[in-house]
Asks: 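Please see the structure below; I have some questions.
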Amino acid sequence: MKMSNEKRQVEPLYDKNVKCIFCGKHFKTKKVRSTFAKSFKTDSDFCPHYQEESENPLYYYVNVCPACGFAFSDEFSDYIGALTKKKIESQIADKWDRSFYCSDRDREKGIRTYKLAIYSAELAEQRHIVFANLCMRLAWIYRKQGDLDSEKRFLALAAKEYETSFINTDFAGTAMTEIQILYLIGELNRRLGNYQESLQYFQSVVEHEDRSRYIKLVNLARDQWKMAIEEYRGNQQSEPI
Ligand SMILES: [Zn+2]
């Protein structure tokens, strides 16, 4: 009994200490405890679905410095050159309205943090993998909201950024591997109706040198490959002659 009472007292959100990679100030921002961040369903592009909307970890992926407004994920590089610093100073910090994103976030607040982070990443010239991961998560939030146009807009941006990341191999040191990125480019293109590109990338997953270590992913690529072919044929049949 005592244990379950104690467990109940644990809040889903906790304060994480973060150091702003632009101004260097320390602040606390809410994150979701991993025990509460369990998804009950995952889509074919790895979009997680959570039971509790209010504790959706996707809303807490971005840190927004309350002092200067610079917004960043944990994947951002903390190296910012002198010229870039000036740009961020004039475009973000000087214009910052002191909005506060460090406490509980709803969907709207979550969406705003991604837009701030995408803008910050652009000014701070972050790697393509960082952009891609931001755009894809924002697309997932729009999917949950049922906003198909915005979802597709950000899925398309994510696909383009993953592709550039793959070409430049700038994903090194992140949690993502080459075969996962190739799969995602294939799957995002399938969702966007770009079937030719999609099939090429699924093929590169199936033939990848690491395929024996990623059997589940390779099988998934095969399934999605078939689905892409069926969708492509279906689309062709419905085209007016
Ligand atoms: Zn700051």
Asks: Do we get Arg105 above Tyr59's six-membered ring, with its NZ or CZ under 6.0 Å from the centre and within 45° of the axis?
Replies: no

Asks: To the nearest 0.5 Å, what is the distance between CZ on Phe166 and CD1 on Ile185?
Replies: 6.5 Å

Asks: Tell me whether Met227 shares a hydrophobic cluster with Leu184, the cluster being built from Ile, Leu, Val, Met, Phe, Trp, Tyr side chains joined at under 4.5 Å.
Replies: no

Asks: Give a yes-or-no answer on whether the side chains of Gln196 and Gln200 include a donor-acceptor pair shorter than 3.5 Å.
Replies: no

Asks: Between NE2 of His208 and CD of Gln180, what distance do you get to the nearest 0.5 Å?
Replies: 10.5 Å

Asks: Shortest non-hydrogen contact from Ala158 to Leu188?
Replies: CB-CD1, 3.9 Å

Asks: Before accepting this row, confirm whether a basic side-chain N of the pair Asp210/Arg213 lies closer than 4.0 Å to the acidic partner's carboxylate O.
Replies: yes

Asks: Out of curiosity, does Val206 fall in the hydrophobic cluster containing Tyr195 (side-chain heavy atoms, cut-off under 4.5 Å, transitive links)?
Replies: no

Asks: If I compare all heavy atoms of Tyr101 with all of Arg112, which pair ends up nearest, and what's the gap?
Replies: OH-NE, 3.2 Å

Asks: Ser44 and Arg191: side-chain donor and acceptor closer than 3.5 Å?
Replies: yes

Asks: I want to check something: taking the side chain as every heavy atom from C-beta on, are Met176 and Ile129 in contact at a cut-off of under 4.5 Å?
Replies: yes

Asks: Establish, yes or no, whether a centroid distance under 6.0 Å links the rings of Tyr183 and Phe202.
Replies: yes

Asks: Would the Tyr14 and Phe36 ring centres measure less than 6.0 Å apart?
Replies: no

Asks: Determine, stepwise, if the pair Lys87 / Glu122 fulfils salt bridge (charged side-chain N to carboxylate O under 4.0 Å, His left out).
Replies: CA-CA 11 Å; Lys87 255 193 310 183; Glu122 211 177 303; over 6 Å; no

Asks: Does Glu52 pair with Lys38 as a salt bridge, N-O distance under 4.0 Å?
Replies: no

Asks: Do we see a donor-acceptor contact under 3.5 Å between the side chains of Glu163 and Tyr201?
Replies: yes

Asks: Would Arg233 and Glu230 satisfy salt bridge (charged side-chain N to carboxylate O under 4.0 Å, His left out), going step by step from the backbone distance to the final call?
Replies: CA-CA 5 Å; Arg233 284 182 186 150; Glu230 279 163 24; over 6 Å; no

Asks: Mind listing the closest non-hydrogen atom pair of Ala67 and Trp96 along with its distance?
Replies: O-CD1, 3.5 Å

Asks: Measuring only between side-chain heavy atoms, which start at C-beta, is Tyr114 closer than 4.5 Å to Tyr61?
Replies: yes

Asks: Check Phe70 against Cys20 and note the closest heavy-atom contact, atom names and distance.
Replies: CB-SG, 4.3 Å

Asks: Between Lys95 (side chain only) and Glu89 (backbone N and O only), is there a donor and an acceptor less than 3.5 Å apart?
Replies: no

Asks: Is a donor from one side chain sitting under 3.5 angstrom from an acceptor on the other, for Thr164 and Glu161?
Replies: no

Asks: For Glu197, does its backbone N or O pair with a side-chain atom of Asn194 as donor and acceptor, under 3.5 Å?
Replies: no

Asks: Could you pull out the closest heavy-atom pair between Leu134 and Ala121, with the gap in Å?
Replies: CD1-CB, 4.4 Å

Asks: Show your reasoning for whether side-chain contact (heavy atoms from CB on, under 4.5 Å) applies to Lys16 and Lys30.
Replies: CA-CA 6 Å; Lys16 187 183 175 191; Lys30 297 279 184 207; over 6 Å; no

Asks: Can you find a pair of side-chain heavy atoms, one from Ser120 and one from Ile92, that are under 4.5 Å apart?
Replies: yes

Asks: Assess the residue pair Phe22 and Lys85 against the criterion (side-chain contact (heavy atoms from CB on, under 4.5 Å)); give the C-alpha distance rounded to whole Å, side-chain angles, the decisive distance to 0.1 Å, and a yes or no.
Replies: CA-CA 8 Å; Phe22 178 65; Lys85 260 187 184 148; 3.8 Å; yes

Asks: Looking at Thr84 and Ile80, would you say the former's side chain and the latter's main chain have a donor-acceptor pair under 3.5 Å?
Replies: no

Asks: When you group the ILVMFWY residues by side-chain heavy-atom contacts below 4.5 Å and let the links chain together, are Val18 and Val64 in the same group?
Replies: yes

Asks: For Asn63 and Thr29, does a side-chain donor sit closer than 3.5 Å to a side-chain acceptor?
Replies: no

Asks: Thr177 versus Ile181: any side-chain heavy-atom pair under 4.5 Å?
Replies: no

Asks: Quick one: pull up NZ in Lys19 and SG in Cys65 and give me the separation to the nearest 0.5 Å.
Replies: 11.5 Å

Asks: Any carboxylate oxygen within less than 4.0 angstrom of a Lys/Arg side-chain nitrogen, looking at Asp147 and Arg153?
Replies: no

Asks: Between CD1 of Ile229 and CD of Gln224, what distance do you get to the nearest 0.5 Å?
Replies: 12.0 Å

Asks: Within a 6.0 Å radius of atom NZ on Lys144, are there more than 12 heavy atoms belonging to other residues, nucleotides or ligands?
Replies: yes

Asks: With rounding to the nearest 0.5 angstrom, report the NE2 to CD1 distance, His128 to Ile167.
Replies: 9.0 Å

Asks: Quick one: do Arg143 and Asp45 make a salt bridge, cutoff under 4.0 Å?
Replies: yes

Asks: Minimum heavy-atom separation for Tyr142 to Lys115, with atom names?
Replies: OH-NZ, 3.1 Å

Asks: Just how far is it from atom CG of Asn56 to atom OG of Ser39, taken to the nearest 0.5 Å?
Replies: 10.0 Å

Asks: Are Val130 and Phe76 close enough that some pair of their side-chain heavy atoms sits under 4.5 Å apart?
Replies: yes

Asks: Can Asp104 and Leu13 be said to form a side-chain contact (heavy atoms from CB on, under 4.5 Å), step by step?
Replies: CA-CA 8 Å; Asp104 298 24; Leu13 299 178; 3.7 Å; yes

Asks: Of Asn133, Asn168, Thr174, which is the lone residue that meets side chain to side chain contact (heavy atoms under 4.5 Å, CB included) with Arg127?
Replies: Thr174

Asks: Taking C-beta and beyond as the side chain, do Thr169 and Phe171 meet within less than 4.5 Å on heavy atoms?
Replies: yes

Asks: Is the number of heavy atoms from other residues, nucleotides or ligands within 6.0 Å of CZ (Phe40) greater than 12?
Replies: yes

Asks: Would you kindly say whether His26 and Asn17 are connected by a side-chain donor-acceptor distance under 3.5 Å?
Replies: no

Asks: Does one hydrophobic cluster hold both Phe27 and Val32, with members joined at side-chain heavy-atom distances below 4.5 Å?
Replies: yes

Asks: For the side chain of Ser198 and the backbone of Gly186, is there at least one donor-acceptor N/O pair under 3.5 Å apart?
Replies: yes

Asks: Applying side-chain contact (heavy atoms from CB on, under 4.5 Å) to Leu155 and Glu151, what does each step give before you reach the verdict?
Replies: CA-CA 6 Å; Leu155 280 186; Glu151 181 197 335; 3.5 Å; yes

Asks: Are Leu116 and Val62 close enough that some pair of their side-chain heavy atoms sits under 4.5 Å apart?
Replies: no

Asks: Say whether Tyr119 and Gln91, considering side chains only, have a donor N or O and an acceptor N or O under 3.5 Å apart.
Replies: yes

Asks: Are any non-hydrogen side-chain atoms of Phe154 and Arg137 less than 4.5 angstrom apart?
Replies: no

Asks: Do Tyr232 and Val205 belong together in a cluster built from hydrophobic side chains that touch within less than 4.5 Å?
Replies: no

